[in-house]
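Note sheet for the following structure.
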Amino acid sequence: MAKREYAKKDEGVNAVARLAEMEGKMPPQSIEFEEAVLGALMLQRDAFQDVVEILQPQHFYLDKHQRIYTAMQRLNTRMEPTDMLMVYNELTKMGELELAGGHSYLVKLTQHGPSAVNIVFHANIIFQKYVQRALIHLGTTMQSGGYDDSKDVEDLLEEAESGLFEISQNSIKKEVVPVSSVIGEAIRQMEEAAKRKDGLSGIPSGFTGIDALTSGWQPATMVVIAARPAMGKTAFVLSMARRMAIDFNVPIAVFSLEMSNTELVKRLLVAETEIPMEKIKNGRLTKDQWEHFNHSIPRLNSAPIFIDDTPGLSVFDLRSKARILKKKHDIKMIIIDYLQLMTASGMKPGNRQEEVSMISRSLKGLAKELNIPIVALSQLNRGVEQRTDKSDPNAKRPQLSDLRESGAIEQDADMVCFIHRPEYYGIKTDADGNSTVGLALFIIAKHRSGAVDDIRLRFTPELVRFDDDIQASSGNKNRYSKNSDMKGLTEQTFVSSIGQDNNDSSLPYPDGRGGADINIQASDDIPF
């Protein structure tokens, strides 16, 4: 937020405080602690370093205390001492000595007899009182807006979300810790990873090649998976979520801003039952297909997948819902489909790049707060289509510069991955002359804590599903064999036998039930 916006907000907080005093109510404040902190800062040479990460001038209740602390900040920036004489001279230069109480008040503060021993404790109390005043200011503003019929309700909600989000963000304080206190935790994680049979240190994705390169999705990381439309971004994360939840019992939250929860579940049903989407949509399954459907879905029915399909989800709402899901279901991963459809609460329209930057930073912060990986899908710009060199089989290969709307996505993400299917662009062979039919490249273009590489996967359009390359070379887990095509895939064989009509006429399930009930939990599970 710009300094001018901060000033306006803090003026509002102070205005509420003055109004409260006029009404005979004392707003949250602690003058004695403010005096104690300022006095200690002028008496103890190095004390300012203990509070510089806690306090800002606007956190003080009295205006003269704000001016004194501002003078101390300026001195500290120039690496000069903050004793009484230096503060006196600085206030004089600023032309604010009298507004700060004058020389006599500075003397009074130093004669208060404070000690810097408890200065951090005192500073935290000052900050807490400021947060209380900020909440009162926000509540008063919302109350006033609620009575104003000319105020749009959506705008009012956005202001409330933005204000509360800002207060909560500014209230998060994390102390610096010495490396010695972190080494023990790092060793513990190494020992835990060594005990695992799969050799992974993070959450398995369900894809052999990806896990071999990443050691699983790591906690507190933000992973961006980007592609052009029709490349299969949603299909990939759903394939991954299904594998993780069913095969590894990993609780996953899916926030879908583009597709409804019913559409997502239908895709999961297609991938799990291996019955083509057309059949799932029209429900005209043969008797054998219904029996297979009923036999296949129990695993999916009990999978710990939680879906929220709120359109235009704001980062504030996402954070609130994610916290509840973490507490209630201990989710281990969040998937967002997709990043550019999110909104940043309270930001004025017009600068989409800044809004996407804020969303990106917020997602990274949420991943660290919950200590789980967050996988966010992202769109690529049209730069891919504009590269038309037909002689270059890699011309359509995505690049980091193709990320849409904001370079902050690349900067904030711990990993940036692309999904690329050469066949989609009519490229039937790669640079070595190998077939690209059915080939999907999972390109790890940025990896903050590991190597970058291409993982060869297989995409089955009929099942809207990604799978490991079954013809991968066992000699290299990271790099899959390039000499493979769609022939021989078991799901293709299944589609030709179960997925297509046979001599039996299409009919509903014989007993009229239409298969087992799907119990994947959607947004009703979240009280927002």
Side-chain angles (χ1 to χ4, degrees), residues 135 157 160-162 164-165 167-169 171-172 174 189 192 202-206 216-223 234 237-269 272 297-339 341-343 345 359 362-377 516-528:
L135 289 171
L157 286 172
E161 289 179 0
S162 177
L164 192 55
F165 180 73
I167 293 172
S168 63
Q169 282 287 88
S171 300
I172 298 174
K174 195 164 184 178
Q189 292 180 6
E192 290 295 322
I203 302 172
S205 69
W217 301 125
Q218 302 298 314
T221 58
M222 174 182 168
V223 180
T234 304
V237 292
L238 287 181
S239 297
M240 182 174 66
R242 182 180 64 86
R243 290 163 176 258
M244 295 172 70
I246 293 177
D247 297 340
F248 302 98
N249 197 35
V250 175
I252 296 177
V254 179
F255 290 89
S256 175
L257 287 80
E258 187 175 33
M259 301 175 63
S260 68
N261 50 33
T262 304
E263 290 178 294
L264 290 180
V265 169
K266 285 180 179 179
R267 286 198 173 201
L268 289 170
L269 287 172
E272 182 65 19
I297 64 172
R299 292 200 318 157
L300 182 60
N301 193 43
S302 59
I305 301 176
F306 305 93
I307 302 174
D308 181 287
D309 60 355
T310 304
L313 186 70
S314 70
V315 288
F316 178 82
D317 286 338
L318 171 68
R319 184 173 178 177
S320 300
K321 293 182 178 186
R323 281 173 169 172
I324 293 173
L325 285 167
K326 180 64 177 177
K327 182 177 181 180
K328 189 173 181 180
H329 301 289
D330 194 25
I331 57 171
K332 302 296 184 183
M333 187 172 184
I334 291 175
I335 295 173
I336 300 170
D337 182 16
Y338 58 91
L339 189 149
L341 290 179
M342 295 188 68
T343 60
S345 301
I359 294 169
S362 299
L363 293 181
K364 175 60 179 175
L366 180 61
K368 292 183 68 176
E369 177 188 341
L370 300 182
N371 196 35
I372 62 174
I374 291 182
V375 175
L377 299 186
D517 293 333
I518 300 298
N519 192 36
I520 296 178
Q521 303 183 46
S523 55
D524 291 342
D525 186 66
I526 305 174
F528 282 92

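Side chains are part of it too, since the values below use all heavy atoms of this structure and drop only hydrogens, waters and symmetry mates.
Atom CG in L325 sits 11.0 Å away from atom OG in S320 (nearest 0.5 Å). A distance of 14.0 Å separates NZ of K368 from CG of L363, quoted to the nearest 0.5 Å. The structure places CD1 of I297 at 12.0 Å from CG of L268, a figure rounded to the nearest 0.5 Å. Between T221 atom OG1 and N371 atom CG the span is 9.5 Å, to the nearest 0.5 Å. The distance from the CG atom of L318 to the OG1 atom of T310 is 10.0 Å, given to the nearest 0.5 Å.
By the side chain to side chain donor-acceptor pair (under 3.5 Å) test, T234 is found to be paired with D337, residues two or more places apart in sequence or in another chain being considered. Partners of E272 according to the side chain to side chain donor-acceptor pair (under 3.5 Å) rule, which considers only residues two or more places apart in sequence or in another chain, are R242, R299. In this structure, the side chain to side chain donor-acceptor pair (under 3.5 Å) partners of S205, at least two apart in sequence or on a different chain, are D211. Listed by chain and number, the residues in a salt bridge (Lys or Arg N to Asp or Glu O under 4.0 Å) with R267 amount to none (sequence neighbours excluded). Partners of K364 by salt bridge (Lys or Arg N to Asp or Glu O under 4.0 Å), not counting sequence neighbours, listed by chain and number: D414.
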Side-chain donor-acceptor pairs under 3.5 Å in residues 247-260, sequence neighbours left out?
residue	atom	partner	partner atom	Å
S256	OG	M259	N	3.1
S256	OG	M259	O	2.7
S260	OG	E263	N	3.2
S260	OG	E263	OE1	3.4

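Annotation: side chain of L264 is not in contact with side chain of I305 (no heavy-atom distance under 4.5 Å).
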